[in-house]
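Down below is the structure, laid out as structure tokens.
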Amino acid sequence: MTAPAPTPPPTTAPYLEELRWRGMLYQATEGAAALLAQPTGIYVGFDPTAPSLHVGNLIPIMGLVHAQRAGHRPVVLVGGGTGMIGDPGGRSSERPLLSVAEIDANVVGIRSQLERFLDFGGANPARIVNNADWLRELKLVDFLRDVGKHFSINVMLAKDSVASRLDGGITYTEFSYMLLQGYDFTELNRRHGVTVQLGGSDQWGNILAGTELLRRAHDVDAAAVTFPLLTTASGKKFGKSEGGAVWLDAERTSPYQFYQYWVNADDADVGKYLRLFTLMTASEISAAEITVADDPAARAAQRALAREVTTRVHGAAALAAAEQVTGFFFGGVEPSALNDDALEVLAKEAPFAAVSLADVGEVATEGGTPTGRLDVYRMLTASGLAASNGAAKKLLEQGAVSVNKRKLAASERYLDRASTTLRGGHIVLGKGKRDFALIRLGS
RNA sequence: GGUGGGGUACUCAAGUGGCCAACGAGAGCAGACUGUAAAUCUGCCGGCGCAAGCCUUCGAAGGUUCGAAUCCUUCCCCCACCA
């Protein structure tokens, strides 16, 4: 669903120009350019519902990165006070308000990730603030008088975010969300001199609620700038891999998996991604796009993308490891040639399972002694490549399973242990063309 | 509170006593082709099992029946209009 982008207003601010050529500018209020002509405070809100950000958060993050590079002061707002505004239609229960401790822990995690992108020191330092600091203090009557008084129900009902929900129903809580977000904006303005809010294009209405409130209640000029919603060329959800989100936290998504996510970007998307997620210049990106057209099989642009983003998020050492693992899985390296160091890296980066022989060995014995054979099904489930024996069976039948990079025939459910294990009891298990796991066999 | 309409697997959505583990679509997984891409074609897509088959599932709990997602009762939740 590619919504037609409203033509962004002409700008004089370098920051907006940067966003524009990178394809990050969807729309901006008329006064945005004037406000951004001077250094100012710019904020983006994140939900601290998890202790880690994911790649879907990268666009707003990069929006702040560019802001800081342009001399503005980035402010990250975590919605500790608004965290519960979810879908009350869920069958089991309403989403509970996160506890203070959980939010604080999540904020710590998010902050450490943002430090890879933003400078929290220097002349125009980034800040991270929690709206719980003021929302928790808020008195309802005061809120209605000071904030609610400035909002017209008629206007609120006309906002897309509300109008689209009127059919399916919307609770008062969710309806009120834009007031809280507007109030956040006024607090950030008061506390940190923020005059511009960034957000996804779906946030336009909510952001305007804030600029309106600032103008009416405080006679302050403020602006909204939104990013386009990101879709992939093939219509898949951006930022999803193997059913799950791609996280910035190495514990949740290993640097290798993170790297792989970018390497697998569609040809049709890679130029867009380079503009959005790297600091490469326009001419560098143009050059990379030419390589896609000339020699797509080399995936040079995808590799450059993966290298840039992985380095920023995980650092140079992690990138080197990710590339090493990639080289093994997708290059011509013979599994038997692996040395201990390489196995160590594999164990760390690839999905790894340390299992006991009893976990994957064949249960049946012949004449009282174990047969010493390995059960492929159980290796697949133990390593997490298959969710169940049934799934493992189907994979094997479809010819999707490989061991030490050798594709197994459907009949090869049981393997000889001695000839299968590499040094140190390792086995490289593969599912499909690009999904691998390393097993280390205990006794 | 009243009246009417609903709650089906990851999502949307058929099904209204046996042919239902439940049509179809999307998503997902795999195979072929390629380039770790897209598109296309093919297979899979609740769990266990080599298999025959067994087990669990259609908001929840009971009940009717040889047999229930389908009928009855109670309860919970959602929507529309009315109050």
Side-chain angles (χ1 to χ4, degrees), chain A residues 1 86-95 164-174 231-246 256-274 288-289 291-307 310 322-333 349-351 362-364 373 375-378 380-381 383-402 405 407-414 429-437:
Chain A
M1 37 162 266
D87 177 15
R91 295 157 299 287
S92 49
S93 63
E94 285 235 347
R95 210 190 308 179
S164 64
R165 291 289 306 278
L166 287 180
D167 269 355
I170 181 169
T171 61
Y172 185 73
T173 303
E174 286 184 75
T231 54
T232 66
S234 56
K236 289 178 186 156
K237 286 183 199 114
F238 172 77
K240 292 286 196 269
S241 166
E242 288 157 43
V246 178
Y256 161 73
Q257 292 169 313
F258 187 85
Y259 178 88
Q260 281 293 316
Y261 176 76
W262 300 104
V263 166
N264 276 302
D266 289 7
D267 292 357
D269 287 324
V270 67
K272 179 169 71 180
Y273 290 176
L274 285 170
E289 287 184 300
T291 69
V292 175
D294 286 351
D295 185 9
R299 312 180 76 80
Q302 278 92 338
R303 286 174 202 283
L305 171 69
R307 211 176 300 127
T310 306
E323 288 188 315
Q324 190 181 346
V325 174
T326 295
F328 168 67
F329 283 144
F330 299 99
V333 180
E349 292 296 317
E362 191 186 10
V363 183
R373 295 193 298 176
D375 184 342
V376 171
Y377 290 3
R378 297 173 74 181
L380 284 166
T381 52
S383 65
L385 289 181
S388 69
N389 277 326
K393 179 192 170 198
K394 275 158 195 148
L395 289 170
L396 188 62
E397 283 174 351
Q398 290 180 133
V401 182
S402 67
K405 297 175 86 171
K407 188 163 275 195
L408 295 183
S411 58
E412 294 185 272
R413 173 172 175 181
Y414 297 103
L429 198 60
K431 180 192 82 166
K433 283 198 292 195
R434 66 199 122 153
D435 217 357
F436 298 95

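Here is the naming used below: chain letters follow the sequence lines, and residue numbers restart at 1 for every chain. Just so you know, these numbers come straight off a predicted model, no measurement behind them.
The pairing partner recorded for rA30(B) is rU42(B), the criterion being a Watson-Crick or G-U wobble arrangement whose two distances lie under 3.5 angstrom. For rU73(B), the paired base is rA61(B) (Watson-Crick or G-U wobble, both distances below 3.5 Å). With a cut-off of 3.5 Å on both pairing distances, rA52(B) has no Watson-Crick or G-U wobble partner at all. When Watson-Crick and G-U wobble pairs are counted only if both distances are under 3.5 Å, rC81(B) pairs with rG2(B). Pairing for rA68(B) is absent, judged as Watson-Crick or G-U wobble with the two contacts each under 3.5 Å.
Applying the 4.0 Å criterion to OP1 and OP2 of rU36(B), one finds that Thr326(A) has every side-chain N and O outside that range. Contact annotation: Arg434(A) side-chain N/O to rA37(B) OP1/OP2 distance is under 4.0 Å. For rG49(B), one of the phosphate oxygens OP1 or OP2 lies less than 4.0 angstrom from a side-chain nitrogen or oxygen of Asn389(A). Taking only side-chain nitrogens and oxygens, Arg299(A) never comes nearer than 4.0 Å to OP1 or OP2 of rA37(B).
Comparing the same atom, C1', in rA68(B) and in rU16(B) gives a spacing of 11 Å after rounding to whole Å. On the C1' atoms, rC33(B) is 48 Å away from rG17(B), given to the nearest whole Å. The C1' atoms of rU57(B) and rC10(B) are separated by 15 Å, rounded to the nearest whole Å. Taking the C1' atoms as reference points, rA9(B) lies 14 Å from rG59(B), given to the whole Å. For rG46(B) and rC58(B), the P atoms lie 16 Å apart once the distance is rounded to whole Å. Between the C1' atoms of rU8(B) and rA25(B), the separation comes to 15 Å (whole Å). Rounded to whole Å, the separation between the C1' atoms of rC19(B) and rU70(B) comes to 15 Å. A distance of about 15 Å separates the P atoms of rC55(B) and rA22(B), rounded to the whole Å.
Glu323(A) is listed as a side-chain neighbour of Arg307(A), based on a closest heavy-atom distance under 4.5 Å.
Between Glu323(A) atom CD and rU36(B) atom C1' there is a gap of 14 Å when expressed in whole angstrom units. Rounded to whole Å, the distance from CG on Leu396(A) to C1' on rG31(B) is 13 Å. Between the CZ atom of Phe436(A) and the P atom of rU36(B) there is a distance of 11 Å, given to the nearest Å. Between the P atom of rA37(B) and the CG atom of Asp295(A) lies a distance of 15 Å, rounded to the nearest Å. Distance Trp262(A) CH2 to rG35(B) P: 25 Å, rounded to the nearest Å. Per the geometry, CG belonging to Leu385(A) stands 19 Å off P belonging to rG28(B), to the nearest Å. If you take NZ of Lys272(A) and C1' of rA37(B), they are 14 Å apart, rounded to a whole angstrom.
With Val376(A) as the partner, the side-chain contact (heavy atoms from CB on, under 4.5 Å) test is satisfied by one option alone out of Leu395(A), Thr381(A), Val401(A): Val401(A).
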Check the interface with nucleotides 53-57 of chain B: list each N/O to N/O pair with the protein under 3.5 Å, or write none.
none

What protein N or O atoms touch nucleotides 42-44 of chain B N or O atoms at under 3.5 angstrom, if any, and at what distances?
from: rG43(B); atom 1: N2; to: Gln398(A); atom 2: OE1; distance (Å): 3.0
from: rG43(B); atom 1: N3; to: Gln398(A); atom 2: OE1; distance (Å): 3.1

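A residue-by-residue look at Ala387(A) and Glu397(A) shows that Ala387(A) has its nearest nucleotide of RNA chain B further toward the 5' end. Of the residues near RNA chain B, Arg303(A) and Lys407(A), the one whose nearest nucleotide (by heavy atom distance) lies more toward the 5' end is Lys407(A).
Although no hydrogens or angles enter the test, the distance criterion places a donor-acceptor pair under 3.5 Å between the side chain of Ser383(A) and the main chain of Leu380(A). Side chain of Arg434(A) to main chain of Phe330(A): no donor-acceptor pair is present (N/O by atom type, distance under 3.5 Å, no hydrogens or angles).
Listed candidates were rG35(B), rC50(B), rG31(B). Nearest to the side chain of Arg413(A) is rC50(B). Comparing rU36(B), rA30(B), rG31(B) by their nearest atom to the side chain of Lys431(A) picks out rA30(B). Of the candidates rG35(B), rU36(B), rA30(B), the closest approach to any side-chain atom of Asn264(A) belongs to rU36(B). In this structure, of rU36(B), rC50(B), rC48(B), it is rC48(B) that holds the atom nearest to the side chain of Ser388(A).
Side-chain contact, Asp266(A) with Gln302(A): no donor N or O sits under 3.5 Å from an acceptor N or O.
Applying the side-chain contact (heavy atoms from CB on, under 4.5 Å) criterion to Ala350(A), with sequence neighbours excluded, gives Phe329(A). Applying the side chain to side chain donor-acceptor pair (under 3.5 Å) rule to Gln398(A) yields no partners; only residues at least two apart in sequence or on another chain are considered. With sequence neighbours left out, the side-chain contact (heavy atoms from CB on, under 4.5 Å) criterion links Ala288(A) to Leu274(A), Ala301(A). Here Ala409(A) pairs with Ser411(A), Glu412(A) under the side-chain contact (heavy atoms from CB on, under 4.5 Å) rule; sequence neighbours left out.
Residues Leu396(A) and Arg413(A) share a closest heavy-atom pair of CD2-CA, 3.8 Å. The shortest non-hydrogen separation linking Ala387(A) to Ala391(A) is N-CB, 4.1 Å. Among all heavy-atom pairs drawn from Gly271(A) and Glu289(A), the shortest one is CA-OE2, 3.4 Å.
Residue contacts for Gln260(A): at a heavy-atom cut-off of 4.0 Å it reaches a base atom on one of the strands shown.
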